[in-house]
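Just so you know, these numbers use all the heavy atoms, side chains as well, and skip hydrogens, waters and symmetry mates.
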Amino acid sequence: MYNMTFEELNGDYSQERMDTVAKALEEVLTSALPQGCITVGVYEAAKSLNVDPDNVVLCILATDDEDVKDVALQIHFTLIQAFCCENDINILRVNNTRRLAEILGGGGGGGGGKQSGGEPLDVHCVLVTSPHSTSWKDPALSKLNRFCRESRCMDQWVPIINLPER
């Protein structure tokens, strides 16, 4: 049983709570990256979900203001969200693709992360997978899982996280 405040019952999280969740997301990404537990890109994520959905522990869908008008991207998001819901995979929506690219690519400044060919990373969909060698017990991942579970209890199936600039 959960003890929630009135604000949480209405789906309104405090800024402090959202900052904690954003920090936990950043911790999960930075710890999963060197382990090779990150899949970046809409098409790469779809392939990975098709091959081994049981290994995916978190799906991150990222957009900026201009992406809202991209119909093809929104269709991909709808299909990925449906698949994740069907397979009990937690989903988060992030509204700062530039910051997400910085975290994933280690890029600083305005450039964000880059692929090996110099192309910008497609961070519209990022999957975090569990390493095959160990059962991954990350406290930050536990925080994110709890946040997603609480959000679903309030009928927020895809909670939105704001990744603050650094």
Undergrad: Any chance you could measure S151, atom OG, to R146, atom CZ, to the nearest 0.5 Å?
TA: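 Result: 12.0 Å between the selected atoms.
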Undergrad: Can you pull the ring pair (Phe, Tyr, Trp, His ring centres under 6.0 Å) pairs that have at least one residue in residues 65-86, sequence neighbours excluded?
TA: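 Output for this query lists Y43-H76.
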Undergrad: Might you point out which heavy atoms bring L29 and L100 nearest each other, and give the distance in Å?
TA: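 So the two residues come closest at CD1-CD1, 3.4 Å.
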Undergrad: What is the distance from atom CD1 of I103 to atom CD of E27, rounded to the nearest 0.5 Å?
TA: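 Reported to 0.5 Å precision, the distance equals 11.0 Å.
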Undergrad: Hydrophobic clusters here meaning ILVMFWY residues chained together by side-chain heavy-atom distances under 4.5 Å, can you tell me if V28 and L127 are in one?
TA: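 Hydrophobic grouping puts V28 apart from L127.
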Undergrad: Is a side-chain N or O of D138 found less than 3.5 angstrom from the main chain of A140, in a donor-acceptor match?
TA: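 The answer is yes, because a donor-acceptor pair under 3.5 Å joins these two groups.
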Undergrad: Of all the heavy-atom pairs spanning A22 and N162, show the shortest one and how long it is.
TA: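 Minimum heavy-atom separation between A22 and N162: CB-O, 3.6 Å.
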Undergrad: Same cluster or not: V42 versus I89, using hydrophobic residues (I, L, V, M, F, W, Y) connected whenever any side-chain heavy atoms lie under 4.5 Å apart?
TA: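 Yes: a chain of side-chain contacts under 4.5 Å links V42 to I89.
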Undergrad: Tell me whether E86 at atom CD has more than 12 heavy atoms from other residues, nucleotides or ligands lying less than 6.0 Å away.
TA: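 For E86, atom CD is not crowded (no more than 12 foreign heavy atoms under 6.0 Å).
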Undergrad: Between T20 and E16 (side chain of the first, backbone of the second, donor and acceptor by atom type, cut-off under 3.5 Å), is there such a pair?
TA: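 Yes; judged by distance alone, with no hydrogens or angles, the pair exists.
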Undergrad: How far apart are the closest heavy atoms of E44 and G41, and which atoms are they?
TA: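 Heavy-atom minimum between the residues: OE1-CA, 3.3 Å.
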Undergrad: Between L92 and C148, which heavy-atom pair has the shortest distance, and what is it?
TA: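 Looking at all heavy atoms of both residues, the closest pair is CD2-SG, 3.6 Å.
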Undergrad: We want to know whether D70 and Q74 form a side-chain donor-acceptor pair, criterion being a heavy-atom distance below 3.5 angstrom.
TA: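 No pair is found: no donor N or O on one side chain lies under 3.5 Å from an acceptor on the other.
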Undergrad: Does either side chain, that of N90 or that of R152, offer a donor lying less than 3.5 Å from an acceptor on the other one?
TA: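 Side-chain D/A pair, N90 to R152: present.
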Undergrad: Should L141 and F147 be regarded as members of a common hydrophobic cluster, given that ILVMFWY residues are connected when their side-chain heavy atoms come within less than 4.5 Å of each other, either directly or indirectly?
TA: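 Yes, one cluster joins them.
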Undergrad: Which pair of heavy atoms, one from C85 and one from I91, lies closest together, and at what distance?
TA: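 The pair with the smallest heavy-atom distance is SG-CD1, 4.0 Å.
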Undergrad: Quick one: list whatever passes side-chain contact (heavy atoms from CB on, under 4.5 Å) with N96, sequence neighbours left out.
TA: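 For N96 the side-chain contact (heavy atoms from CB on, under 4.5 Å) partners, ignoring immediate neighbours, are R98, R99, L163, E165.
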Undergrad: Is there side-chain contact between N87 and V56, with heavy atoms separated by less than 4.5 Å?
TA: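 The answer is no; the side chains never approach within 4.5 Å.
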Undergrad: Return yes if some donor-acceptor pair links the side-chain N/O of D64 with the main-chain N/O of T97 below 3.5 Å, else return no.
TA: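 Here the side-chain-to-backbone pair exists.
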Undergrad: Test of understanding: with side-chain contact (heavy atoms from CB on, under 4.5 Å), list the residues that count as partners of V40, not counting sequence neighbours.
TA: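 Per chain and number, V40 pairs via side-chain contact (heavy atoms from CB on, under 4.5 Å) with I38, L104, L121, V123.
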Undergrad: Applying the 4.5 Å side-chain criterion to the ILVMFWY set and letting contacts propagate, would V126 and L58 be lumped into a single cluster?
TA: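 Both belong to a single hydrophobic cluster.
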Undergrad: When rounded to the nearest 0.5 angstrom, what distance separates CG in N95 from OG1 in T63?
TA: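 These two atoms lie 6.5 Å from each other.
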Undergrad: Would you say that V21 contacts K143 through its side chain, given a criterion of any heavy-atom pair below 4.5 Å between the two side chains?
TA: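 The answer is no; the side chains never approach within 4.5 Å.
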Undergrad: Measuring from L61:CG to I160:CD1, what's the distance to the nearest 0.5 Å?
TA: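 Taking CG in L61 and CD1 in I160, the distance rounds to 10.5 Å.
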Undergrad: When rounded to the nearest 0.5 angstrom, what distance separates NE2 in H124 from CD1 in I60?
TA: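 Between H124 NE2 and I60 CD1, I get 13.5 Å after rounding to 0.5 Å.
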Undergrad: Quick one: do V94 and L33 end up in the same hydrophobic cluster if we chain Ile, Leu, Val, Met, Phe, Trp and Tyr together by side-chain heavy atoms under 4.5 Å apart?
TA: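 Same cluster.
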Undergrad: Is any side-chain heavy atom of Q156 closer than 4.5 Å to one of R93?
TA: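 With C-beta onward as the side chain, the pair stays apart.
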Undergrad: Can you measure from OG1 (T39) to CG (L49) and round to the nearest 0.5 angstrom?
TA: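 The distance works out to 8.5 Å.
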